[in-house]
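Worksheet: one structure, shown below.
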Amino acid sequence: MAVKVTLTGRLSDVLGKQLFLSSPKTVREAIKEIASLNEEGAMFLLDENGEIRDNVIVLRNEENVEDFDGELNDGDELFILLPIAGG
Amino acid sequence: MGFERYVRQMMLRDWGEEGQNKLKSAKVAVIGAGGLGSPASIYLAVAGVGELRVIDCDVVELSNLNRQILHWDKDIGKLKAVSAEEKLRALNHEIEVIGIGERLTEENAYKFIEGVDVVLDCLDNFPTRFLLNKVCLEMGIPLIHSVIYGLEGRITTIIPGKTPCLSCLYPEPPREIRPFPVVGVVPGVMGCLEALEAIKIIIGFGELLLNKMLRFDGESMQVQVFPIKRRENCPICKNLIKKEV
């Protein structure tokens, strides 16, 4: 199984714009796997309790993810939209 | 004053003399005269929006000039609000331009945006954005929100009580990167889209970015539009009360 992940904002600066994850069963697992790759990235994605921050928007196949525990399928595409602030 | 300046846009269906008169009677506040605020206010000015209030407390710096097209070398050290007012007046003498060189605060925000039809969020930080969000919600004024980072831009239109507000989207203050990377054309694109949303709101045509966010990726040239939802427990917009000024 492979899930393509596109990163945005500062996350894409530190981890690159795209990743392929081979084993996540859920969106939550995918995000935690990404967070494990980089300390700075983890601070953007997870709060002090290790939970996904409320201000992270995740799209799965172009749809906004509301249930982070929904099962992922082979070929799914995730977009991780960190808040950005520039103007 | 005739309409010759605007005749090409008045050829559009749903625009005409009636639409142009609506623009002439309209008042728009542009909060921030930087990368987003420059193109947004330029296009609102040349479209003939009757009154533009441009609010920014910063002064022009050399490092602004790759994107903040209202400001030129000769303006370095000048208040952006003053520089913006000069350029916008020169672009279209038929409209009223009011440059306000003050920081937006809880104390002055209501006064500065009182009576406007639309507010454009062209800011570069979330604390002031959250303040603007709250004030616009309380005053019942549509707010067009845009942000950029690097080659990416996002935009949505917030209608108080009808769409998600900024606090619905970002319940906790985001961690901010300063200074942030930016290529001038990206806020150029997004500022233009903000101006277009404002014009559509004022004239009353087309489809707005309500309950959805548009994301522009300048690296891949992809545009995504995805749905966004109000948070039932949003502490800012769940109990909307219009505040009398």
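All values below were derived from every heavy atom in this structure, side-chain atoms included, with hydrogens, water molecules and symmetry-related copies excluded.
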Salt-bridge criterion met for B:Arg103 and B:Asp56 (N-O under 4.0 Å): no

Which atoms of B:Arg178 approach chain A - backbone, side chain, both or neither, heavy atom under 4.5 Å: neither

Which atoms of B:Leu123 approach chain A - backbone, side chain, both or neither, heavy atom under 4.5 Å: backbone

Interface moiety of A:Leu82 toward chain B, non-hydrogen atoms closer than 4.5 Å: backbone

Under 4.5 Å from any heavy atom of chain A - which part of B:Glu176: side chain

B:His145 and B:Tyr170 aromatic ring geometry - parallel, tilted or perpendicular at 30°/60° bounds: perpendicular

Choice from B:Asp124, B:Ile148, B:Val147, B:Leu36 maximising heavy atom contacts with chain A below 4.5 Å: B:Ile148

Which of A:Ile57, A:Thr8, A:Asp47, A:Asn64 touches chain B most, by non-hydrogen pairs under 4.5 Å: A:Thr8

Quiz item: cation-pi between A:Arg10 and B:Tyr149, 6.0 Å / 45°: no

Cation-pi check, B:Lys87 onto B:Trp72 ring (under 6.0 Å, within 45° of axis): yes

Heavy-atom contacts under 4.5 Å, residues 211-225 of chain B to chain A: B:Arg215, B:Asp217, B:Glu219, B:Ser220, B:Gln222, B:Gln224

Note: B:Glu172-A:Arg53 ion pair, threshold 4.0 Å (strictly below): yes

Side chains of B:Gln68 and B:Ser38, donor plus acceptor under 3.5 Å: no

